[in-house]
J.: 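The structure is given below, and queries will be raised subsequently.
On a predicted model such as this, the values are computed, not experimentally measured, just so you know. For reference, positions follow the sequence shown, starting with 1. Worth knowing before you read on, the calculation uses all heavy atoms, side chains too, and leaves out hydrogens, waters and symmetry mates.
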Amino acid sequence: GISYFELISAVLRRIKDTALERIRRDQANSVGLGDSLEVSDILWVVTVPSIWRESDKQFMRRAARDAELIQDEFSGDLVIALESECAAVWSEVLFDRKGCTPIKEGDRVLCLDCGGGTVDISAIRVVTKKNIGSPEQETLMAQLLPPTGVKVGSQEIDRRFRKFLRQFLGEENFDHCWAQPEVRMELQDGWERLKCSLQANNFSSKRRAPVKTLNLEATLSELKVKLADLVNVYNAYALDKARKRGRGTKPIRLDYRKLTRRPCVLIIPPTLLHYCFDSTISLIVEKTKEVLSTYLKDGVEHLILYGGLGKCDYLQFCVDRTFSRVCNIHKPTDASLAVMKGAVKYGMFPRIINSRRARMTVGVKVTLPFIRGMHNKQPHIKHKQYDEASREYYIRDAFKTFVVRGQLVDVSGRYTHTFSPAGNRDSIKFDIYASSAQRVEYVTEPGCLKLARIVVPIKKGSMSKVTMSLSFGYTEIRAYVLDEEGRVVREVPLLFDHVGENAIISEGEAQDEDDFKKTSIDL
């Protein structure tokens with residue numbers, strides 16, 4: 001088999017080769033410079049979901065190196081961009097169009113990037129607005145909340161439709177049809193066309209609501225059954241299931257009689273559309289409410305829907321119905337291209353997002369001198385340790401904070417700590433810890449877990465002190481070794497602890513949910 005790393009690397013390599021081929025061909029036709037273009041002449045921007053972990057972004061960077069987009073892991077020729085931030089960056093261009101409510105300095109913008117597997121949510125505040133005719137002044141934006149979102153999207157809608165098909169056709173019949181390319185294509189393409197054509201009024205139960213249909217000609221031919229028989233069996237099953245669930249449960253009642261001239265066409269009732277869409281739409285709306293109540297209590301001026309699912313008329317209707325009273329709702333016609341266009345702009349000017357919110361509290365494990373008046377009581381006293389070599393008492397397992405969860409971190413900001421190597425060693429190891437709590441004193445506290453380890457190779461006895469610098473302001477955590485004058489000697493990789501990182505992020509999400517329950521907002 002093939003690993004995920006090999007698969008992603010192969011995809012990136014194919015994208016690289018195709019891009020180079022087309023650019024070289026176009027340049028050769030226009031200016032005769034096609035053969036001179038090299039991979040190193042290109043700035044590559046790879047977009048990832050905002051809710052990805054640090055280790056996931058590192059995985060993507062290493063896959064890009066393996067695909068030879070870049071020569072080394074730390075190359076500046078690759079920019080990792082967050083999809084929801086790219087959408088926010090493109091919002092500046094959107095608001096400059098005719099008919100749009102203009103964006104002003106100080107405005108807050110909430111972006112929902114609704115895709116296939118995730119809905120990324122970002123919020124930015126316009127710090128500086130570029131003036132027309134003033135090229136020296138760029139628009140700058142500040143991130144208002146840490147990366148967040150919900151793991152749902154159009155794939156969940158598709159999954160629920162397949163679940164319906166499995167019940168409608170029967171387990172064995174569905175598996176058989178799904179294994180036949182022609183039948184599978186009919187079902188998938190038919191559903192995709194139906195999804196793209198849906199309007200909000202198709203979800204209405206009123207009799208005058210437009211009728212949506214699904215052609216099952218190849219499916220019925222393969223199974224050698226009549227549509228009427230399948231419909232009757234399913235309706236009986238759905239009615240019985242609704243009765244068992246009790247009052248208020250509406251069964252999905254299928255029909256085919258309205259189109260008697262086409263015996264292979266199934267009428268799609270509004271109840272089936274609600275079954276497929278409502279859980280996903282509700283999660284998006286509720287997560288948006290949670291973000292507004294937890295992080296943006298003063299509200300926002302603008303809300304923008306992006307991504308493929310962002311074009312869904314029913315989602316737009318539900319968002320309008322819920323939030324139009326508290327902010328301006330924007331539904332751009334090029335919603336599915338916003339991330340790509342914003343990524344180009346972000347790649348050329350990554351400082352456009354000039355500050356971000358820390359996703360977690362991050363610090364380094366250190367040993368501190370024991371101070372009798374400060375450390376001779378709990379919880380400090382249990383960390384007291386005697387060092388025979390120096391004949392001194394120390395406090396072990398202390399947590400030196402770099403950034404606090406929710407803190408606004410400038411992109412140019414770096415956080416440093418100086419270590420003294422113990423003994424005649426050929427490397428120094430730094431243990432980076434993190435927590436969802438905002439105040440942490442010791443790495444042994446509940447919820448404080450190892451995020452990563454940094455190993456700095458040195459010549460034995462060559463360095464009396466090593467200064468480590470961490471950068472949190474951009475889309476990736478980066479680690480540097482500094483010399484005595486504060487200059488960067490080299491960049492070093494972080495060895496992430498996947499289990500610890502997952503647990504920290506999950507704890508943070510759970511804490512957000514608790515905050516949401518305690519602090520509700522009437523929208």
J.: Can S84 and D120 be counted as having a side-chain donor-acceptor contact under 3.5 angstrom?
T.: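 Absent: no donor and acceptor within the cut-off.
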
J.: For Y442 together with F399, are the ring centres under 6.0 Å from each other?
T.: no

J.: Are T361 and Q438 close enough that a side-chain donor and a side-chain acceptor fall under 3.5 Å?
T.: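 No - no donor-acceptor pair under 3.5 Å links their side chains.
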
J.: Answer yes or no: is there an ion pair linking R108 with E301, defined by an N-O contact shorter than 4.0 Å?
T.: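 Yes, R108 and E301 are salt-bridged.
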
J.: Side chains of S355 and V409: closer than 4.5 Å at any heavy-atom pair?
T.: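 They are not in side-chain contact.
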
J.: State, without any angle test, whether E6 and S3 hold a side-chain donor-acceptor pair at a distance under 3.5 Å.
T.: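 The criterion, which ignores hydrogens and geometry beyond distance, is satisfied for S3 and E6.
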
J.: Taking the side chain as every heavy atom from C-beta outward, state whether K311 and Y306 have any pair of such atoms under 4.5 Å apart.
T.: no

J.: Whether K104 and D107 form a salt bridge (side-chain N of Lys/Arg under 4.0 Å from carboxylate O of Asp/Glu) is what I want to check.
T.: yes

J.: What pair of heavy atoms forms the shortest contact from L305 to G310, and how long is it?
T.: CB-O, 4.1 Å

J.: Under 6.0 Å from the ring centre and within 45 degrees of the ring axis: does the NZ or CZ of R356 meet both conditions for the six-membered ring of F472?
T.: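 Cation-pi check for R356 and F472: fails.
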
J.: Step by step, would you call D397 with K365 a salt bridge (charged side-chain N to carboxylate O under 4.0 Å, His left out)?
T.: CA-CA 6 Å; D397 299 330; K365 178 182 175 181; 3.5 Å; yes

J.: Assess whether a salt bridge exists between E73 and R65, defined as any Lys/Arg side-chain N lying under 4.0 Å from an Asp/Glu carboxylate O.
T.: yes

J.: Please state whether the rings of H302 and H330 are parallel, tilted or perpendicular, taking 30° and 60° as the class boundaries.
T.: tilted

J.: Could R414 and Y480 be counted as a cation-pi pair, given that NZ or CZ must be under 6.0 Å from the ring centre and within 45° of the axis?
T.: yes

J.: Determine the minimum heavy-atom distance between G347 and V45, stating which atoms define it.
T.: CA-CG2, 3.7 Å

J.: Can the ring centres of Y275 and F164 be said to be less than 6.0 Å apart?
T.: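 Ring centres of F164 and Y275 not closer than 6.0 Å.
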
J.: Using a strict cut-off of less than 4.0 Å between a Lys/Arg side-chain nitrogen and an Asp/Glu carboxylate oxygen, indicate whether D497 and K450 qualify as a salt bridge.
T.: no

J.: Side chains of E85 and I352: closer than 4.5 Å at any heavy-atom pair?
T.: no

J.: For the residue pair Y314 and F317, does the interplanar ring angle fall in the parallel (under 30°), tilted (30 to 60°) or perpendicular (over 60°) class?
T.: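 Parallel: the ring planes of Y314 and F317 meet at under 30°.
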
J.: Side-chain contact, heavy-atom cut-off 4.5 Å: I284 with L309?
T.: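 A side-chain contact exists here, since the closest heavy-atom pair is under 4.5 Å.
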
